[in-house]
**Student:** 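Got a structure for you, questions after.
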Amino acid sequence: MKNQFWGKVVKLGMTLSLAVTVSFSGLGSIASAEEKESNVVSPVPNIEESVKEYVDATKSFSSKEKKELTKIAKANLSSLNMVKKSDLDLNSPVIKALNDGTTFVQFLIKDSSKLEDVSGVSFVIDEKKEIVSKNEIYVKLIDEESAELRLFTNGEEVISETLEKPDVMPQWSWSVLNNCLASQGISWTVIAIIGVVCGGICLATAGAGCVWCIMVEASASGSVVSVCVKKAAEA
């Protein structure tokens with residue numbers, strides 16, 4: 001039953017990401033000033049805006065706090081499901097304060113890894129410095145047109161899908177979008193995954209599922225994605 005549910009969520013997210021502007025619970029539709037001026041509506045959510053609902057942008061951490069949080073996260077990197085510890089950049093963690101009082105710590109993928117950049121491992125740590133959840137995104141290209149996506153939370157697999165290179169609406173230039181993303185070192189898989197983790201899962205599970213969306217935001221600039229989408233729409 002769970003696998004059927006998540007399968008529907010994935011399909012919903014993929015459809016929403018490339019056909020309409022995704023509306024987030026409590027946020028409504030989000031469009032940049034540039035999009036409004038040009039009447040171009042992005043088929044993907046602005047992930048930088050979407051995560052503000054969950055991330056406290058005003059919170060900063062001292063060097064001591066960062067060191068302690070990084071140490072806690074590193075100590076819990078055993079028993080990963082798909083991502084190998086050797087693939088992770090353990091020297092430059094992404095640390096964000098979440099609005100519910102917990103802290104998000106993510107280890108991104110090394111440049112030398114054969115996995116897509118959006119892959120990685122994150123932890124949500126509470127105020128008692130205890131691990132609330134361990135989250136893993138594994139994305140690997142199968143070929144130029146497809147990729148394997150697997151998501152895990154606390155060791156339990158919640159999504160296992162083959163992503164197909166998204167089709168865009170006829171008036172959109174896929175080549176412009178793809179070339180723009182590639183020039184910034186961003187794979188087409190980011191567009192597909194945004195639809196899954198920032199659209200479908202966030203809509204279905206609210207804040208809990210948005211941890212993956214925050215992971216995507218940390219690994220790929222939402223502003224770059226938005227600019228590329230706009231260029232493709234105007235081509």
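Residues: numbered from 1 along the sequence shown. Reckoned from all heavy atoms, side chains included, excluding hydrogens, waters and symmetry mates.
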**Student:** What pairs with Asp100 under side-chain hydrogen bond (donor to acceptor under 3.5 Å, both in side chains), at least two apart in sequence or on another chain?
**Tutor:** Thr102
**Student:** On a heavy-atom basis, which atom in Thr70 and which in Pro93 lie closest, and how many Å separate them?
**Tutor:**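 Between these two residues, the closest heavy atoms are OG1-CG, 3.4 Å.
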**Student:** Going by salt bridge (charged side-chain N to carboxylate O under 4.0 Å, His left out), name the residues that satisfy it together with Lys96, two or more places apart in sequence or in a different chain.
**Tutor:** Glu217
**Student:** Could you go through the side chain to side chain contact (heavy atoms under 4.5 Å, CB included) check for Ile72 and Ile125 one step at a time?
**Tutor:** CA-CA 9 Å; Ile72 293 171; Ile125 302 173; 4.0 Å; yes
**Student:** Using every non-hydrogen atom in the two residues, find where Ser146 and Thr162 come nearest and quote the distance to one decimal.
**Tutor:** CB-CG2, 4.1 Å
**Student:** Pairs in or reaching into residues 134-144: which pass salt bridge (charged side-chain N to carboxylate O under 4.0 Å, His left out), with residues at least two apart or in two chains?
**Tutor:** none
**Student:** Ignoring hydrogens, what is the shortest heavy-atom contact between Val139 and Ala147? Give both atom names and the distance.
**Tutor:** CG1-CB, 4.4 Å
**Student:** Return the set of residues passing side-chain hydrogen bond (donor to acceptor under 3.5 Å, both in side chains) with Thr153 (not counting sequence neighbours), or none when no residue passes.
**Tutor:**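 Partners of Thr153 under the side-chain hydrogen bond (donor to acceptor under 3.5 Å, both in side chains) test: Asn135.
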**Student:** Quick one: which residue pairs count as a salt bridge (charged side-chain N to carboxylate O under 4.0 Å, His left out) with a foot in residues 101-128, not counting sequence neighbours?
**Tutor:** none
**Student:** Can you name the closest pair of heavy atoms from Met215 and Gln106 and give their distance?
**Tutor:**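 In terms of heavy atoms, the two residues are closest at CA-OE1, 3.3 Å.
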**Student:** Quick one: closest heavy-atom pair of Phe107 and Ala73, and the distance?
**Tutor:**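 Shortest heavy-atom contact: CE1-CB, 3.6 Å.
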**Student:** Is a side-chain N or O of Glu68 found less than 3.5 angstrom from the main chain of Glu65, in a donor-acceptor match?
**Tutor:** no
**Student:** Report all side-chain donor-acceptor pairs from residues 80-88 shorter than 3.5 Å, counting only partners two or more places apart or in another chain.
**Tutor:**
from	atom 1	to	atom 2	distance (Å)
Asn81	ND2	Gly155	O	3.4
Asp87	OD1	Ser113	OG	3.4

**Student:** Can you name the nearest heavy-atom pair linking Leu163 to Trp188, along with the distance?
**Tutor:**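 Smallest heavy-atom distance, with atoms named: O-CH2, 3.7 Å.
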